[in-house]
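Below is one structure, written out as structure tokens; the observations come after it.
Reminder, nothing fancy here: chain letters follow the sequence lines and each chain counts from 1. This structure is a prediction, so every number in the text was calculated from the model and none was measured. Scope of the values below: all heavy atoms of this structure, side chains included, with no hydrogens, waters or symmetry mates.
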Amino acid sequence: MTAESALSVTSPDYSVLVVDHFHRPRNAGEFPPGPGIRRTQAGNRQAGAEVSLSVRIAGDTVAEVRFQAFGCPHFLAATSLATERLAGMPVEALGRWTAGELGRELGVPVEKRGRLLILEDAVRAAAQ
Amino acid sequence: MTAESALSVTSPDYSVLVVDHFHRPRNAGEFPPGPGIRRTQAGNRQAGAEVSLSVRIAGDTVAEVRFQAFGCPHFLAATSLATERLAGMPVEALGRWTAGELGRELGVPVEKRGRLLILEDAVRAAAQ
Amino acid sequence: MTTAAAPGTSSVYLDYAATTPVDPRVAALMCECLQSHDLCGNPSSTGHAFGRRARALVESARRQVAQLLNARPETIVWTSGATESNNLALLGAARFNASRGKHIVSARTEHKAVLDPLKRLEREGFSVTYLTPDRGGIVHPEQVVEALRPDTLLVSLMHVNNETGVVQDIGAVGAACRQRGILFHVDAAQSAGKVPIDVEALGVDLMSLTAHKVYGPKGVGALYLRRRPPLGLTPLIEGGGQEGGLRSGTLATHQIAGMGLAFELAASEGAADSARVAALRERLWQGIGTVGGVRLNGHPQQRIAGVLNVAFSDVEGESLQFSLRDLAVSAGAACSSESEEPSYVLRALGLSDAEARSSLRFSLGRFSTEADVDFAIGCVRREVPRLRGLAPGAAAPAS
Amino acid sequence: MTTAAAPGTSSVYLDYAATTPVDPRVAALMCECLQSHDLCGNPSSTGHAFGRRARALVESARRQVAQLLNARPETIVWTSGATESNNLALLGAARFNASRGKHIVSARTEHKAVLDPLKRLEREGFSVTYLTPDRGGIVHPEQVVEALRPDTLLVSLMHVNNETGVVQDIGAVGAACRQRGILFHVDAAQSAGKVPIDVEALGVDLMSLTAHKVYGPKGVGALYLRRRPPLGLTPLIEGGGQEGGLRSGTLATHQIAGMGLAFELAASEGAADSARVAALRERLWQGIGTVGGVRLNGHPQQRIAGVLNVAFSDVEGESLQFSLRDLAVSAGAACSSESEEPSYVLRALGLSDAEARSSLRFSLGRFSTEADVDFAIGCVRREVPRLRGLAPGAAAPAS
Ligand SMILES: Cc1ncc(COP(=O)(O)O)c(C=O)c1O
Ligand SMILES: Cc1ncc(COP(=O)(O)O)c(C=O)c1O
């Protein structure tokens, strides 16, 4: 064996922001179906990450977002934080939304960045 | 390896009698040459055990024995003890003297019994 | 990015199967050894009193450890722990006795400290049959017997599984091996002090032991090695010739003395510990059960008192762990290097990856209290429903 | 037969080269680890705070040990002592790199913990050249260079000899090896903390360390392993994957923390210790010299402060030892299993069997005092002339 890196500790470290959103998720839940409410879904439980968003649109703006999520702390926190960031955004912007900045802000480790694509999918799906 | 016995501690244990004679050897030294004095020698330093005895004969009896010795504690003690035991013995008995009993009394370990033969040689030589 | 502060020291230790706190009586003895000038000698320096006093402690500890197994002291070889003992037993016995046969029988649920040396032996030309336990984690003695071949040299089976606490019927396997002249190794890291052991009656030839699962120090263990008739082993570590040449290296007086006392205490108090711990575990199981959607991993009866491995349905494993981080419990393979992989032990019991990931091992021991258990129940009852409520498909909380 | 009582506890410890007392500061830290509930976790259980706190201690100790060698922390692999480190270094490097060559160069005066693994490698098809030192115990770098062959894979040379205290010119050998791409292993069990070490400057690839010669605990050591470029090793002990898979087994927090502090203390106090100890040794040598017929074994200058190996002429070895048993000194091969054989190290320096048997190693250290030395001188001056006076040919005492 020559594994140089294997000596480092790989314990998951969660940033303060992740811990905050994990414990006090913002906008958990869903809106009852109705006009101006869009529901999107991405991922699945077997793969370890699933999210459903419930987006209230007012005109061409995102008024409010609620979420339900199953996943690791980073995924839950990213979803919760996204609901805050999305509110007030033009609906058409959802289609090009990327999770990269959120990931950096939350300190999501590289090997988990892929999971954020599931969140991206759910957000982008709300553009239509 | 299957060495069953190798787990035992092989530290040298010396009996009280060995320790006593080692520290307070009886009859160390030699008589000045003269009538009635027989000197004998056995062993050699390179082999790790050497003894010389100086025996004062009175008539056909051993009057007194002195020794000089080089060797391990068991050998020194055995020689010292022998000088006590030999005094008063008929001279002709020296020729059949054996060190076995002494060895047992002193608790000389089996692997060292061979050294007592050197002492035996010196004692027996004094019979002539 | 700021990293969150470590959880408070208010956490409750429920990870006895990973390692136990050192019993205060053991720690006191070890501190005495470490601080005593009279005991500072090298136990091999039997030419002087400092060494002989140290050696006397080592030999008295050997008797204490042997006693717990109903073995003679000279069957005990000191090592640095059960990992080394397993390596020495398996590599040592297989290499020394390779001419007798090159087939080995073991199980998929063994500790890595057995599986990894077996993998090395496979690379050296041995072939290994890995038995799959039933859903309860039991490897049936008949399975072992069926797997035996004319060239079977060795069977290696753990006594108690470290993840599930399941106890194997070592005696039946031992009898079958003895009858056929096949060597039998048992990894007893998790059973010593918790389950009665009699190496003679169980027909064990080699048994791996460690101190740190029995309230002794980490970094010291032993290999029981049958001496009659003598059993040859190729040593792993040579030079100096300690332990009859089977394991060289300066004997660590304080560590060995600590292991000795820990094993003596296990002999006198192990049964009482187990009874008390079984009651605590039952309380914990009942309390956890109230959240619903939980399942016990491993056989419900054939198990030791202190381990409770629970699968929580409808929660993601990492979030479950993190939400319960005030509880020092284990997820996945315990007492080995951390890994992201789901437990291969639970997978061998038929759990899916997701089920294995959402399983936690609670393990209790001598110093666990009702308060610890109630705190754990409280955490589980608060967090598991909360996480489930966040998930898609859960009843929407009133908003 | 009644066995004589063990010598009184009035004895003086002069066997620091066999093992040192644990420094009280190290013992205090270890006791804290053993008794602290907060530190009771398995350092691999980084999923909870008990494990992470233990891990933090382990990693901080890794830095302390690395620092003494001017190495990076990730070059340090924890083991159970220098015996294991030597085995891991030699067997591990040779087996992993066998395709590069199967010739090894070492010396006849190495510790058994090097010689025995080399013997095993010889059985596995390696060939080993054992260099003979000069009468002073020095292995000259040119001897090493002359012994190198195109298929030389590895050179193993100890830094400081355990019996004589002689220091080898490791740097010159390291440079020669590096230039030729040959691996260089150094057994530094006796030098760490006593002689400045800089693995980079010395060109060392593998270095064996132990705690118990430097006022740390017995049963823990380390292997320094060059990481740039990476050097492959086949592990000896597998399962669990600790230490990057190079050395599996639960990390012993208290042991490792103790070694870390011991090495830090050696870094800050080693030079002062050596200066003080050198003065004590000189006093001892002068005092012993007054009995006449004594000779220093090993090079008079190229040596560490604490070791004085003295040949007494005209006294038998066992009687010499026994008469001086109030002094805890070593005869023959120290820090290895007791044996009746005369020291092979002294024999390699050209001493006869008898001379080797009549040699004693006095070794001093941090806690040695002038009173200890004077007591030792007193014993020697009383007993050596007494024994000599008993021998045939001595001047007859007045009777
Ligand atoms: C079943 C089993 N075997 C072996 C080991 C390894 O023992 P050690 O930590 O003493 O090396 C453990 C735990 O660590 C274990 O649970
Ligand atoms: C030079 C040398 N190498 C190796 C060792 C073995 O070290 P340990 O006792 O830590 O196994 C010793 C002493 O015991 C030694 O003096």
Side-chain angles (χ1 to χ4, degrees), chain C residues 6-7 9 11 13 15 18-19 21-22 27 30-31 34-35 37-38 40-42 44-50 52 80-81 83-84 86-87 111-117 120 212 217-220 236-242 248-250 252-255 321 325 328 330-331 335-338, chain D residues 6-7 9 11 13 15 18-19 21-22 27 30-31 34-35 37-38 40-42 44-50 52 80-81 83-84 86-87 111-117 120 212 217-220 236-242 248-250 252-255 321 325 328 330-331 335-338:
Chain C
T9 47
S11 14
Y13 192 74
D15 208 7
T19 192
V22 177
M30 292 178 65
C31 292
L34 288 167
Q35 288 164 339
H37 181 59
D38 284 351
C40 78
N42 188 319
S44 292
S45 301
T46 49
H48 55 67
F50 295 90
R52 279 196 299 269
S80 65
T83 299
E84 183 184 339
N86 283 340
N87 277 263
H111 193 270
K112 287 280 183 198
V114 163
L115 297 177
D116 284 357
R120 180 153 301 275
H212 76 97
K218 300 175 185 47
V220 60
L236 283 182
I237 297 176
E238 295 177 279
Q242 288 88 349
S248 293
T250 296
T253 320
H254 64 295
Q255 294 278 92
Q321 281 169 55
R325 72 191 184 288
S330 252
C335 58
S336 64
S337 196
E338 52 292 314
Chain D
T9 46
S11 17
Y13 192 73
D15 207 7
T19 191
V22 177
M30 292 178 64
C31 292
L34 289 167
Q35 288 164 339
H37 182 59
D38 284 350
C40 78
N42 189 319
S44 292
S45 302
T46 49
H48 55 67
F50 295 90
R52 278 196 300 270
S80 65
T83 299
E84 182 184 339
N86 283 340
N87 277 263
H111 193 270
K112 286 280 184 200
V114 163
L115 297 177
D116 284 357
R120 180 153 303 275
H212 76 97
K218 300 175 187 41
V220 61
L236 282 181
I237 297 177
E238 295 177 279
Q242 288 90 348
S248 293
T250 296
T253 321
H254 65 293
Q255 294 278 91
Q321 282 169 54
R325 71 190 184 290
S330 253
C335 54
S336 62
S337 195
E338 51 292 316

With heavy-atom distances below 4.5 Å as the criterion, would you say the side chains of C:Val220 and D:Gln255 are in contact? no
Contacting moiety of C:Leu115, where chain D heavy atoms sit under 4.5 Å: neither
Identify the two heavy atoms, one from C:Asn42 and one from D:Ala18, that lie closest to each other, and give their separation to 0.1 Å. ND2-O, 3.3 Å
Taken in chain and number order and not counting sequence neighbours, the residues that satisfy side chain to side chain contact (heavy atoms under 4.5 Å, CB included) with D:Val22 are C:Leu34, D:Val26, D:Ala27
Which value, rounded to the nearest 0.5 Å, describes the distance between C:Ser248 atom OG and D:Asn87 atom CG? 7.5 Å
May I ask you to name which of D:Ala328, D:Gly219, D:Pro117, D:Cys31 has the most heavy-atom pairs under 4.5 Å with chain C? D:Ala328
Chain D contact via C:Glu84 - side chain, backbone, both or neither, heavy atoms under 4.5 Å: both
Kindly write out the residues that satisfy side chain to side chain contact (heavy atoms under 4.5 Å, CB included) with C:Asp116, not counting sequence neighbours, or none if the list is empty. C:Lys112, C:Lys119, D:Glu238
Taken to the nearest 0.5 Å, the spacing of C:Lys218 NZ from D:Thr250 OG1 works out to 8.0 Å
Do D:Ser11 and C:His48 get their side chains close enough for a donor-acceptor pair, meaning under 3.5 Å? no
If I take atom CZ from residue C:Arg325 and atom CZ from residue D:Arg52, how far apart are they, to the nearest 0.5 angstrom? 8.5 Å
Approximate separation, where rounding is to 0.5 Å, of D:Arg120 CZ and C:Leu236 CG: 9.0 Å
Given D:Gly41, D:Gly81, D:Pro217, the one with more heavy-atom pairs under 4.5 angstrom with chain C than any other is D:Gly41
